[in-house]
Structures are given as C-alpha cells and as structure tokens.
Undergrad: 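Here it is, the structure in full.
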Protein chains: 2
Amino acid sequence: MQPDSELMIGEVAALTGLPSKTIRYYEESGIIESARRNDNRYRTYSQIDVQTLRFVAHARSLGFSLKDVGELLSLYRDRNRASKDVRRLALVHLTDLDRRIADLQAMRNTIADLAQRCHGDDRPECPIIEELEGAPNRRKR
Amino acid sequence: MQPDSELMIGEVAALTGLPSKTIRYYEESGIIESARRNDNRYRTYSQIDVQTLRFVAHARSLGFSLKDVGELLSLYRDRNRASKDVRRLALVHLTDLDRRIADLQAMRNTIADLAQRCHGDDRPECPIIEELEGAPNRRKR
DNA sequence: GATGGGGCTTCCAGTAACTGGAAGGTCAAG
DNA sequence: CTTGACCTTCCAGTTACTGGAAGCCCCATC
C-alpha cells in the first residue's frame, strides 16, 4: 500500500516478466517513455509504469508488432478512443496470423507426408530428397 | 540441349525464382559454393548449379533454415546417405513447425474472440483493451 | 579500509535471411 | 556516343531482442 513507491528496473522486470534488457530496449525504441532517474542515474518506475509494461508484454504475447503495440498504447491511454480503431488493428493482425498459420500449415503437411513416406533407414532412397530435388517451388506471398 | 551452356545470374534467377540478390547472398553465406566468373568477373552458372539452387529454393519454401538447407544439400549430394538422417532433420523441423503453429493458433483464437466481442463503434469500451490491460501475460516457449 | 557481490549504467555486436540502394564496370543497340 | 539493361561490390536497414564488456553504486563483511 505505497502508492508512490519507486521501483528499480529489476523489480519491474520481476513484476512484468520482461527482462530488464527488454524494458530498456522498449524505452530506447520509443515504445515507452524514458524512465525517470534517481540520484544514481538509475531508472525508477511507478505502479503506472508497471501497468503500462504489463500491457505491452501482453500485447506482445498476442503477437502484435512493437509498432502495433505503440498504437494500442495510445488507444489505451485515449479515453475518447473509438473501439472500432482498436478492432481494426486487431482484425488486421488476425488476417496476418491466419496467413502465417496457413503458410506454416502447408509446410507442415508436406513435411509430415514426406517424413511418413520416408523409410528412415540406412539406405539412400528418400522421398524427402526427391521432393526437394524435383518439385517446382511454390511462390511466397 | 546445350549441356555446358553457361548462364548469368539473372537467367538463373528467372529459372529458379530466386532473386539475384538472394543467390549472391547464398554464395556469400556459404550455402552454395562460389560461382565461377567469366572474363567480365560476372558469375556464371551451369545447369547443375540451377538444380542445386532449385533444391535450396524448395527447401526454403518448406521452411527449413539455411543451416538445415546446408545439411540437406550435403545429404543430397551424398550418394551413400542414410535416409534416416534426412528423416531426422525433417522430423525436427516438423516439431518446430507444430510448435509455431500452435503458438500462432493460440494467439489467433484469442484475437478472434476479442475482436468478435468488440462492438467496433465510436465508443471507447473495448474488450480488447481490457484484456491487454488486465489479463496476466502468458509465458512464451 | 579493502574487498566482494549484486544490481545498475552505457555501448557494441550478433542474430535470420534477406532487401534496398549507391556507385561503378560491360556490352549491344540505335 | 549515349542510353539501357545487365552485372559488380559494399553498406545499411529490417525485427525484437540478447549477450557481453567495462565501469559505477551500495551494502556487507573481514
């Protein structure tokens, strides 16, 4: 119950799950504002800063880019935000995730099929090598 | 029907679907050996080189790392390879793909759920922001 | 008082796999 | 002779960190 307790970066790291290095990196890259410093030039953080960093960590864990996180943060702080702006960001991200999942899934299925058809013994015959050797390559994007 | 025709990098690019820049990059990073040069110091390639680059392109399109592609290439060239070595590489890659797909799928589901519950209008209330604000962050890996 | 151990600081480099761009050489056509 | 389309090398930027070096600050101990 100390509303104005100032934390050092290691404590914030423990509270948010983010490495200290990453917190400094977020500051350096402008995703969060520069931390205040105490007499030792050490960074100090408030509970609000911890909340902000938790927000960032959570958005990152959902796969949003740092650029997106920046926009989400400003929407988060904007009491007059329109939820459609947040939703639009989320939907763009969703589309991107779906595309990436589909790409990986296609690779996965091909690999699984090839691996399943490969004897996996000491002989050289191998459908995986044959596929790589012969099949035309797919276009990306 | 010219078995010893020498191609320039642009032609190889057209034949393999790989940008010239990427072919040079593969050479520089040691994934393929240095191309012979003609009198102008231009790189020249044989049909075998084209085959090798197609192999590389295809392996890359299946998501193998360049390091893996290097190993696959040496297995490809090894007439005494054991198919189990190829298969092992593929299975490790498969595991990695599955993990990445699962990670993305989890994100995707969360985002889809949040976006679906968001009104997406001009009002500020937004379950997406609330989730980022409040929920504990998941551990990666 | 010297020393040791954390934690903090900055700065530099490396990761993966390219991609973009600058500056310049070569060659054939018009 | 100049243009245009190739080719060359080299450097920088991308994404989101992560590792490591060198050095300060503070506290505890011998």
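The sequence lines fix the lettering, A, B, ..., with proteins before strands; numbering per chain opens at 1.
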Undergrad: So what does B:S29 hit on the nucleic acid, given a heavy-atom distance under 4.0 Å: a base, only sugar-phosphate, or nothing?
TA: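 Answer is nothing: B:S29 stays at 4.0 Å or more from every strand.
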Undergrad: Could you tell me how far apart A:I32 (CD1) and D:dC17 (P) are, to the nearest whole angstrom?
TA: 12 Å
Undergrad: What's the spacing between B:I32 CD1 and B:R24 CZ if we round to 0.5 Å?
TA: 11.0 Å
Undergrad: Report the residue (B:K21 or B:D39) whose heavy-atom-nearest nucleotide on DNA chain C is the more 5′ of the two.
TA: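 Result of the comparison: B:K21.
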Undergrad: Does B:T22 have a side-chain nitrogen or oxygen under 4.0 Å from the phosphate oxygens OP1 or OP2 of C:dA17?
TA: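 Answer is no, no contact under 4.0 Å.
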Undergrad: Can you name the one residue among A:V86, A:L75, A:L62 that meets side-chain contact (heavy atoms from CB on, under 4.5 Å) with B:I128?
TA: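 Filter result, single survivor: A:V86.
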Undergrad: For C:dC18, does either OP1 or OP2 sit under 4.0 Å from a side-chain N or O belonging to B:Y26?
TA: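 Yes, within the criterion.
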Undergrad: Between A:R100 and A:D103 (salt bridge meaning N to carboxylate O under 4.0 Å), is one present in this structure?
TA: no
Undergrad: Rounded to whole angstrom units, what separation is found between the OH atom of B:Y25 and the P atom of C:dA16?
TA: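 Spelled out: OH on B:Y25 to P on C:dA16 is 8 Å.
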Undergrad: Which heavy-atom pair separates A:I9 from A:S20 by the least distance, and what is that distance?
TA: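 A:I9 and A:S20 have their closest heavy atoms at CD1-O, 3.6 Å.
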Undergrad: How many Å lie between CG on B:N38 and C1' on C:dC27, as a whole number?
TA: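 About 11 Å, once rounded to whole Å.
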Undergrad: Is B:R60 near enough to C:dC18 that one of its side-chain N or O atoms lies under 4.0 angstrom from OP1 or OP2?
TA: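 Checking B:R60 against C:dC18: at least one side-chain N or O falls below 4.0 Å of OP1 or OP2.
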Undergrad: A:Y42 and A:L18: same hydrophobic cluster, using ILVMFWY side-chain contacts below 4.5 Å?
TA: no
Undergrad: Can B:R36 and B:D49 be counted as an ion pair, charged N to O under 4.0 angstrom?
TA: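 A salt bridge links B:R36 with B:D49.
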Undergrad: How would nucleotides 4-9 of chain C be written as a contact map, 5' to 3', with B for base contact, S for sugar-phosphate-only contact and - for no contact, using protein heavy atoms under 4.0 Å?
TA: ---BSB
Undergrad: What is the separation between atom CG on A:L66 and atom P on D:dG13, rounded to the nearest whole Å?
TA: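 Atom-to-atom, A:L66 to D:dG13, this comes out as 18 Å.
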Undergrad: In Å, rounded to the nearest 0.5 Å, how long is the span from CG of B:L89 to CG of B:L94?
TA: 12.5 Å
Undergrad: Would you kindly give the CD-to-P distance between A:E28 and D:dA16, to the nearest whole Å?
TA: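 Between P of D:dA16 and CD of A:E28: 14 Å.
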Undergrad: Atom CD1 of B:I23 and atom C1' of C:dT19: how far apart are they, to the nearest Å?
TA: 14 Å
